[in-house]
Amino acid sequence: MSVKDLRDAPEATQIALTLIPHIAGRTVVSDQPDYIQHWLAKLFETVHLAHIKPVTSFEEASKEIFSDEGLRIIEETLSGQAEPRRAGPDSARLASGWEAALRVENKRSTLEDSPPNP
């Protein structure tokens, strides 16, 4: 990131005001929840608000949502991918794990709900 990028970037208060409606009432999930919690607190301070709801870890959110098979699919999917440690690509990598698990779990629930073939 260059100094010009920083000069042209929106003010932190504008970013906070844009973000708030997108996460209000929702669970924020991260593979680095303490880090994100820290920076959300700093960002929200710019508009004199506190981000009270804790950021949930990707692992804990996964355990709440998926069966053991879904968790296995997530682990298999993510183990085959490099960890880019850049926000966008890393989020896409984690989302691919959930997407793979959802495909398997949705397929299984569809099969369980369909009537048997005569």
Side-chain angles (χ1 to χ4, degrees):
M1 180 174 287
S2 70
V3 173
K4 182 183 179 330
D5 291 335
L6 290 174
R7 245 184 280 135
D8 295 342
E11 295 288 325
T13 54
Q14 185 58 47
I15 293 169
L17 293 172
T18 301
L19 178 63
I20 290 167
H22 292 284
I23 65 173
R26 295 183 174 171
T27 301
V28 177
V29 176
S30 172
D31 62 333
Q32 298 291 319
D34 294 337
Y35 179 80
I36 298 301
Q37 185 75 47
H38 169 79
W39 286 108
L40 278 176
K42 292 282 189 196
L43 183 62
F44 282 23
E45 283 175 12
T46 67
V47 290
H48 309 290
L49 292 174
H51 184 257
I52 298 171
K53 189 173 182 181
V55 176
T56 302
S57 76
F58 178 81
E59 184 178 329
E60 287 302 314
S62 297
K63 287 177 183 177
E64 288 178 23
I65 297 169
F66 296 102
S67 67
D68 288 344
E69 183 176 358
L71 294 173
R72 183 185 57 74
I73 297 295
I74 292 169
E75 186 176 324
E76 285 177 6
T77 302
L78 297 182
S79 70
Q81 298 179 21
E83 293 183 31
R85 289 296 172 212
R86 301 296 302 163
D90 203 30
S91 295
R93 182 181 80 83
L94 296 174
S96 73
W98 276 11
E99 182 180 45
L102 285 169
R103 274 195 308 271
V104 168
E105 292 201 348
N106 286 338
K107 183 178 180 181
R108 184 182 49 195
S109 69
T110 301
L111 290 173
E112 290 170 357
D113 293 341
S114 59
N117 288 332

Hey, could you give me the [atom1]/[atom2] distance between [X] and [Y], rounded to the nearest 0.5 Å?
X      : Y     : atom1 : atom2 : value
Lys63  : Asp68 : NZ    : CG    : 10.5 Å
Glu76  : Arg72 : CD    : CZ    : 4.5 Å
Leu102 : Glu99 : CG    : CD    : 8.0 Å
Leu49  : Leu40 : CG    : CG    : 12.0 Å
Thr27  : Ile65 : OG1   : CD1   : 8.5 Å
Asp31  : Ser91 : CG    : OG    : 7.5 Å

Same cluster or not: [X] versus [Y], using hydrophobic residues (I, L, V, M, F, W, Y) connected whenever any side-chain heavy atoms lie under 4.5 Å apart?
X     : Y      : result
Ile36 : Ile20  : yes
Leu94 : Ile23  : no
Leu78 : Val104 : no

Closest non-hydrogen atom pair, [X] against [Y]:
X      : Y     : answer
Ala50  : Phe44 : C-CD2, 4.2 Å
Val29  : Phe58 : CG1-CA, 3.6 Å
Arg93  : Gln81 : CG-OE1, 2.7 Å
Ala101 : Ile73 : N-CG2, 3.6 Å
Thr13  : Thr46 : CG2-O, 3.2 Å

*Can you list the residues that meet the side-chain hydrogen bond (donor to acceptor under 3.5 Å, both in side chains) rule with Thr77, with sequence neighbours excluded?*
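Result, side-chain hydrogen bond (donor to acceptor under 3.5 Å, both in side chains) vs Thr77: none returned.
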
**Prompt:** Does the Glu105 side chain pair with the main chain of Ser67, one donor and one acceptor, at a distance under 3.5 Å?
**Reply:**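 The answer is yes, because a donor-acceptor pair under 3.5 Å joins these two groups.
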
- prompt: Counting only N and O atoms by type, is there a donor-acceptor contact under 3.5 Å from the side chain of Lys53 to the main-chain atoms of Arg26?
  reply: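 Flag set: sc Lys53 to bb Arg26 pair under 3.5 Å.
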
message: Run the side-chain contact (heavy atoms from CB on, under 4.5 Å) test against Gln32 and tell me which residues pass, sequence neighbours left out.
response: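 Gln32 satisfies side-chain contact (heavy atoms from CB on, under 4.5 Å) with Ser30, Tyr35, Arg85 only.
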
(message) Can you confirm whether Asp8 is buried at CG, in the sense that more than 12 heavy atoms of other residues, nucleotides or ligands lie under 6.0 Å from that atom?
(response)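 More than 12 heavy atoms, drawn from other residues, nucleotides or ligands, come within 6.0 Å of this atom.
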
